[in-house]
Amino acid sequence: MVNVIGLGYIGLPTALMLSSHGVEVTGTDYNSDLVATLNAGKTTFKEEGLDELFRDAVRAGIKFTTEYQVTDTYIISVPTPYDKFSKKIDAGYVVAAVKEVMKAAPRGAVLIIESTVSPGTVEKYIRPAVAEAGRGDLQLVHAPERIIPGNMVYELLHNNRTIGADDKEVGEKVKKLYASFCEGEIVVTDIKTAEMTKVVENTFRAVNIAFANELAKICRYDDMDVYEIIRICNMHPRVNILQPGPGVGGHCISVDPWFLVGDYPSLAKVIDESMKTNDGMPDFVLNRIYEIMKEKGMTDISRVGLYGLTYKENVDDMRESPTLQLLESQERHLASGLKVYDPFIKNDVVKNQYHDLDCFLDDVDLVVIMVKHNEIRENMEKLAGKTVLDCHNICKLEGTYHI
Ligand code: SAJ
């Protein structure tokens, strides 16, 4: 039996996937409300294909509990936040989960850590905790997740994976476990390499997004069309520039690269600047709003509406979202009043939030497209007559402003 610890964005789909592929699974989370919701037959977030997977797993006998199980294999998928000030990883949750697991785990059990950790975290934080508990018998493995919110179920099945283990045989055993559902290639390596690959993958994307954002700023300064420039450049066989946007959110790309900056401050220069560039985008958008208001002779910020609160399109996840960053920045400048709407966020999380697109549009003159949800793509005609600041280049209406 596999005991999956932490039933969040990664733990839950992984547990469901294993269970629906014939592995006996118990999911454990210390949040009793979350466990109660799952036991009541409901999933805790929206994701394409998740509800179907949930039904399959329930049929296959998956269990959810707050108790740690006595078994031979554990998968730990708890959050690894970072300290905003030092930029270093806060391994507290992982270490706490490992300590709890150690109380239940029999001799020789395998502890697979899926949570993203910075290179050396297992060495620096987890091994000492294991040694202190006198549990040198346990087998540590790091198997970082790679799935993208919005396409998690597909990517769980099809992405290649990395398994880092001290012992090759243990690595191969864990590879077999993941191969029960994973159709991609599974590479077995050592733990530190596995830790580093995960952070490097997200850093690669962060640096490339930062490059696109920097181009947007240069083009804004000198009145050039960044989208046309990127489109043409990408016709070169070895150029593949990403898209500029209002900022970077989510738990990974906006966070993981900071681990490298925190651990190697004098070496990770490009990464440091890239992260600052991305973090500066919500403020850049705010300045664009002020510029456009000035140009249009608008004086009332409460006639400006932000479309989208989530960190990217068609998900209900708001972690580190550019819209939240922008609102925070506005509050810091002692200004507020921006109106906000997101079809995926049903409860009130910020001031002046709307729950109906038409009501929202009735109350604003300048609409800022912060997130390119399908809803707005399919209702573009509703923006006719409004001033639009489109941060994603999806609005083809005459006179649309861009970042
Ligand atoms: N973004 C841009 N421009 C782009 C692409 C993305 O501004 O051209 C923004 C998005 O709007 C969003 C942020 O970047 O705010 C991140 O979105 P994303 O879709 O690029 O990635 P995530 O954070 O949802 O998922 C990433 C993925 N990592 C990589 O693609 C290298 C995923 O595979 C990882 O599993 C996940 O991080 C994670 O958990 O680490």
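Counting starts at 1 for both ligands and their atoms, following the listed order. Throughout, residue positions are numbered sequentially from 1 according to the sequence presented.
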For residues 260-271, run the donor-acceptor check on the side chains, cut-off 3.5 Å, and write out each pair with its distance to 0.1 Å, sequence neighbours left out.
none

> So Thr121 and Ser118, side chain to side chain donor-acceptor pair (under 3.5 Å) or not? Walk me through it.
Replying inline: CA-CA 6 Å; Thr121 298; Ser118 59; 3.1 Å; yes
> Should the pair Tyr307 and His373 be assigned to parallel (<30°), tilted (30 to 60°) or perpendicular (>60°) ring geometry?
Replying inline: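 The arrangement is perpendicular - the two ring planes meet at more than 60°.
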> Taking all atoms of both residues into account, what is the closest heavy-atom pair of Phe45 and Met152, and its distance?
Replying inline: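 What the structure gives for the nearest pair is CE1-SD, 4.1 Å.
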>> Quick check: do Val70 and Pro106 have side-chain heavy atoms less than 4.5 Å from each other?
In response: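 SC-SC contact between Val70 and Pro106 confirmed.
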May I have every N or O pair linking ligand 1 to the protein at under 3.5 Å, one per line with atom names and distance?
| from | atom 1 | to | atom 2 | distance (Å) |
| --- | --- | --- | --- | --- |
| ligand 1 | 3 (N) | Gln243 | O | 2.8 |
| ligand 1 | 8 (O) | Gln243 | N | 2.9 |
| ligand 1 | 8 (O) | Gln243 | O | 3.4 |
| ligand 1 | 15 (O) | Gly249 | N | 3.0 |
| ligand 1 | 15 (O) | Tyr311 | O | 2.8 |
| ligand 1 | 19 (O) | Lys312 | NZ | 2.9 |
| ligand 1 | 20 (O) | Arg205 | NE | 2.5 |
| ligand 1 | 20 (O) | Arg205 | NH2 | 3.1 |
| ligand 1 | 24 (O) | Tyr311 | OH | 2.5 |
| ligand 1 | 24 (O) | Lys312 | NZ | 2.9 |
| ligand 1 | 28 (N) | Asn202 | OD1 | 2.8 |
| ligand 1 | 33 (O) | Arg146 | O | 2.6 |
| ligand 1 | 35 (O) | Glu145 | OE1 | 3.2 |
| ligand 1 | 35 (O) | Arg146 | O | 2.9 |
| ligand 1 | 35 (O) | Ile147 | N | 3.1 |
| ligand 1 | 35 (O) | Ile147 | O | 2.7 |
| ligand 1 | 37 (O) | Asn202 | OD1 | 3.4 |
| ligand 1 | 39 (O) | Glu145 | OE2 | 2.5 |
| ligand 1 | 40 (O) | Lys198 | NZ | 2.6 |
| ligand 1 | 40 (O) | Asn202 | ND2 | 2.7 |

> What do you reckon, is CD of Glu381 surrounded by more than 12 foreign heavy atoms closer than 6.0 Å?
Replying inline: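 For Glu381, atom CD is crowded (more than 12 foreign heavy atoms under 6.0 Å).
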